[in-house]
Amino acid sequence: MSILHINEVTKVYEGKVTKRALNQLSFEVEKGEFVAIMGPSGSGKTTLLNMISMVDMPTSGEIIFDGTKPQTLNSEQLAYFRRRQLGFVFQDFNLLPMLSVEENIILPLTLDEQPISVMEERLKSLSRKLDLTAILQKRPNEISGGQAQRTAIARALIHEPTIILADEPTGNLDSNASREVLQLLGKVNKENGATIVMVTHDPIAASFCDRVLFIKDGEFFNEIYQDDRQQTFFQRILNVLSLLGGHVGDFSSIRLP
Ligand code: ADP
Ligand code: MG
């Protein structure tokens, strides 16, 4: 079952020069899928995430999100919808420095005024799953990059969103921390059934996903699906990237096991 439909989405930025960042792009994301989006710099990846997260609206075309058309909501409904349905993971973690790890994680629930018992239950199970139990009282400046990203993933999951959107989640991590974060994203995808859409430059990061969607000049270029072996999937991703051209995927901080 598709949970996200992108139908002929076009985004034109008006300015001194008009820029068509997305051009009639269409694809669907299945419930429980882990999808990577790759493309050269300037190909429209961030624009696409901004459309999916409803930070910005398409110029034409439509996005249907679990049966809802966000374009039809008023601003109050939209704010509520985003808060309930979406979880975000960013390259630079975006943790609040004044709050502890635990407070950062439950922040989305406090905004929603959930009962304490619900918060505690979810905090406990996510901390265990993401190996954060020992550092819950620490502040962001006292933990490693990998721990910070795991905290951000817990925060993105705590309100049980329909989709997690990740923009270069391993962009600031070293090889080991990257692999750990990707394995954990894979685990929450499989065990919690979380749907994840991740933009990445890194072909190894992409090889952890079920599918890689390639875009070029704001248009659909290709898509490939994971098979049995991550290593062969990685090779197939490299093959498409070499056809795609541009400066993409020419570096990787992660090594395959
Ligand atoms: P990517 O994330 O793949 O690098 P972007 O979505 O950031 O690509 O950008 C796609 C194209 O749209 C680029 O040519 C970029 O310069 C242009 N663009 C992005 N945001 C804006 C904006 N707010 N105003 C004008 N042009 C923009
Ligand atoms: Mg970008």
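Whatever order the structure lists ligands and atoms in, that order sets their numbers, starting from 1. Quick caveat, the model's predicted, so the values are computed rather than measured.
- Checked by distance only, ligand 1 and Ala21 stay at 3.5 Å or farther apart across all their nitrogen or oxygen atoms.
- Annotation: atom 8 (O) of ligand 1 to nearest protein heavy atom, Gly44 N, 3.2 Å.
- At a 4.0 Å heavy-atom cut-off, ligand 1 touches Lys19 through the side chain alone.
- Annotation for ligand 1: atoms under 4.0 Å from non-hydrogen atoms of Thr47 are 5 (P), 6 (O), 9 (O).
- Dense packing is recorded around NZ of Lys190, with more than 12 heavy atoms of other residues, nucleotides or ligands lying under 6.0 Å away.
- Thr46 CB, 3.7 Å is the protein heavy atom nearest to atom 7 (O) of ligand 1.
- Checked by atom type, the side-chain pair Gln137/Glu102 shows a donor-acceptor distance below 3.5 Å.
- Defined by atom type and a distance below 3.5 Å, a donor-acceptor pair is present between the side-chain atoms of Thr47 and Tyr13.
- Atoms CZ and CG, on Arg150 and Leu126 in that order, are 12.5 Å from each other to the nearest 0.5 Å.
- In this structure, Phe65 has its ring center under 6.0 Å from that of Phe81.
- Atom 16 (O) of ligand 1 is not flagged as protein-proximal [any protein heavy atom, distance under 4.0 Å].
- A donor atom on one side chain and an acceptor atom on the other are not found under 3.5 Å apart for Gln226 and Asp210.
- Using a 4.0 Å cut-off to heavy atoms of Pro40, the atoms of ligand 1 that qualify are 3 (O).
- Close approach of ligand 1 to Ser41 (heavy-atom distance below 4.0 Å) involves ligand atoms 4 (O).
- Taking a distance limit of 4.0 Å, we find that atom 22 (C) of ligand 1 is approached by some protein heavy atom.
- Counting backbone and side-chain atoms alike, Thr46 contributes an N/O/S atom closer than 2.8 Å to the Mg ion (ligand 2).
- Neither side chain, Gln24 nor Thr10, offers a donor N or O lying under 3.5 Å from an acceptor on the other.
- Summarising the contacts of atom 4 (O) of ligand 1 with Gly15, Gly218, Gly42, Gly39, the nearest heavy atom is found in Gly42.
- Distance from atom 19 (C) of ligand 1 to its nearest protein heavy atom, with residue and atom name: Tyr13 CE1, 3.5 Å.
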Would Asp227 and Arg236 satisfy salt bridge (charged side-chain N to carboxylate O under 4.0 Å, His left out), going step by step from the backbone distance to the final call?
CA-CA 10 Å; Asp227 43 26; Arg236 288 161 57 221; 2.9 Å; yes
